[in-house]
Amino acid sequence: MSPFRPLPDVASDPALVARIRDEIRRRGPMTFARFMEIALYDPHGGYYMTEESRPTRAGDFLTAPELHPIFGQALARQVVEVWQRLGRPQPFVVREFGAGSGALAAALLGRLATDASPLFDVVRYQPVERNPHRVAELEARFAAGGLQGRLERAAGPMTGVVIANEFLDALPFHRVEGNAAYDGALAELFVVIDGDGLREKPGPPSTPVLAARLAAEGVALASGQRAEVRLADGPWIASLAEDLRAGVAIVVDYALPADDLYSTRRMAGTLVAYLGHVAHGDPFQSIGRQDLTAHVDLTALERSARGADLDVLGATSQAEFLVGCGLEQLVEDARSDERTGLAAWSELRASVARLLDPRATGGFRVVVLGQGMAIEPALAGLAFRLHP
């Protein structure tokens, strides 16, 4: 937590907490994955389902598309290259998971229009978004920009590009602990009632898949070491592989390989809650009104992809990916454009610095999965390296 920004005093959603406590009373201790599903996605109070806009400067966190349109503009360059290498199919789909109010979509399509790309005439944008308020905002944004004809419902097979920017980290995960008192020395941390609040309590794992996932990655947690295991990424990858007939999936997130993610350097795991742009470690504070997240297991993601017959075309950092996609030229275009005022230029420079900073979003991992795409030559976003 930043010493300069105190944690906001925001009460939990009482109705949401009541539903969680009632389910625990009826069914017994709740897995953290189930708690997270309710806290984030309950249709009547989940954090991501309410009317409030979350990824904004006034919200609780800020994603790259919300930071500045240049992120989506750079991504547009990569989308064009994929389209060209697939032989310019018509129509060509861009399917975005966690599309929100359409900030990335607007920037990407706007860049195609600015560049007079022939792809603009045949592209179809398919947002995947659970929050009806965000869907309404996205549709209004497309209507205001005259883009209604580019918008489609996401369903079934597709040829094109799938984008999942900071999507997987918000999928529910289980919490586990190295604990010799349980078979296999692995306990699961369940959510139980504690007076007027909630707390975690170790117990036998709810499914043997948790231990199997860690064993497959050669992971043995130390005594007292806590960690997160996200089982939801496997089904998502399987569904992706079923629908993607040809093209790529671009996954951007804070992710680590298993040997680093489950290192004893991370004895408390990577669970983080975000409230008012302040990060902290209490998932039972401000329930329904704070974000919950943890790092993505890069090893599990790539294993699931290969198991679903997707090609892992490459992985890099966000900074390297954006530079490879022509970020520098986009910055130069903006600098030389007489319509770019001083305020806009200052905002652009600050945003680009954050997008490239390895201590900020520049250090995020970008994994590109492919179907029917040659690994060589490397895509533009995978061709640039700041380091060996």
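Here the structure is a predicted model, which means the values were calculated and not measured.
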Pair I193, R199 - check side-chain contact (heavy atoms from CB on, under 4.5 Å), show working.
CA-CA 6 Å; I193 296 172; R199 65 179 175 88; over 6 Å; no
Audit row: T50, H133, side-chain contact (heavy atoms from CB on, under 4.5 Å) steps and yes/no:
CA-CA 7 Å; T50 60; H133 303 291; 5.8 Å; no
Run the side-chain contact (heavy atoms from CB on, under 4.5 Å) check on R365 and T316 step by step: do they pass?
CA-CA 6 Å; R365 299 296 294 177; T316 186; 5.9 Å; no
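Summarising the hydrophobic clusters (Ile, Leu, Val, Met, Phe, Trp, Tyr; side-chain heavy atoms under 4.5 Å, direct or chained), the residues clustered with V367 are V93, F97, V128, M158, V162, F167, L168, L171, W236, I237, L240, L244, V251, V296, L298, L301, L310, V312, L369.
We find the CD-CG distance between Q290 and L40 to be 9.0 Å, quoted to the nearest 0.5 Å. Summarising the geometry, atom CD belonging to E129 is positioned 11.0 Å from atom CD belonging to E139; distances are rounded to the nearest 0.5 Å.
Applying the salt bridge (Lys or Arg N to Asp or Glu O under 4.0 Å) test to pairs two or more places apart or on separate chains, those with a residue in residues 80-108 are E81-R85, R95-D243. Residue pairs meeting the side-chain hydrogen bond (donor to acceptor under 3.5 Å, both in side chains) criterion with at least one partner in residues 144-156, sequence neighbours excluded, are Q126-E152.
Taking each heavy atom of R134 and E52 in turn, the nearest pair found is NH1-O, 3.0 Å.
A donor-acceptor contact closer than 3.5 angstrom links the side chains of H174 and E188.
Counting only heavy atoms from C-beta outward, the side chains of P205 and V176 never approach each other to under 4.5 Å.
Checked against a 6.0 Å centroid threshold, the rings of F173 and F32 count as neighbours. Aromatic rings from Y254 and H295 are positioned such that their centres are separated by under 6.0 Å.
Seen from the ring of Y41, R130 counts as a face-on cation partner, given the 6.0 Å and 45° thresholds.
Qualifying side chain to side chain contact (heavy atoms under 4.5 Å, CB included) partners for D13, counting only residues two or more places apart in sequence or in other chains: A15, L16, R289. Every residue meeting the ring pair (Phe, Tyr, Trp, His ring centres under 6.0 Å) condition with F284, not counting sequence neighbours, appears here in chain and number order: F35.
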Check residues 210-226 and write down every donor-acceptor pair under 3.5 Å in which the side-chain atom is one partner and the other belongs to a residue at least two apart or another chain.
from, atom 1, to, atom 2, distance (Å)
R213, NH1, R230, O, 3.3
R213, NH2, R230, O, 3.2
R213, NH2, D233, OD1, 3.1
E217, OE2, A300, N, 3.2
Q225, OE1, A222, N, 2.9
Q225, NE2, Y262, O, 3.0
Q225, NE2, S263, O, 3.2
R226, NE, E177, OE2, 3.1
R226, NH1, E200, OE1, 3.2

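No donor-acceptor distance shorter than 3.5 angstrom exists from the side chain of N179 to the backbone of A187, with no hydrogens or angles considered.
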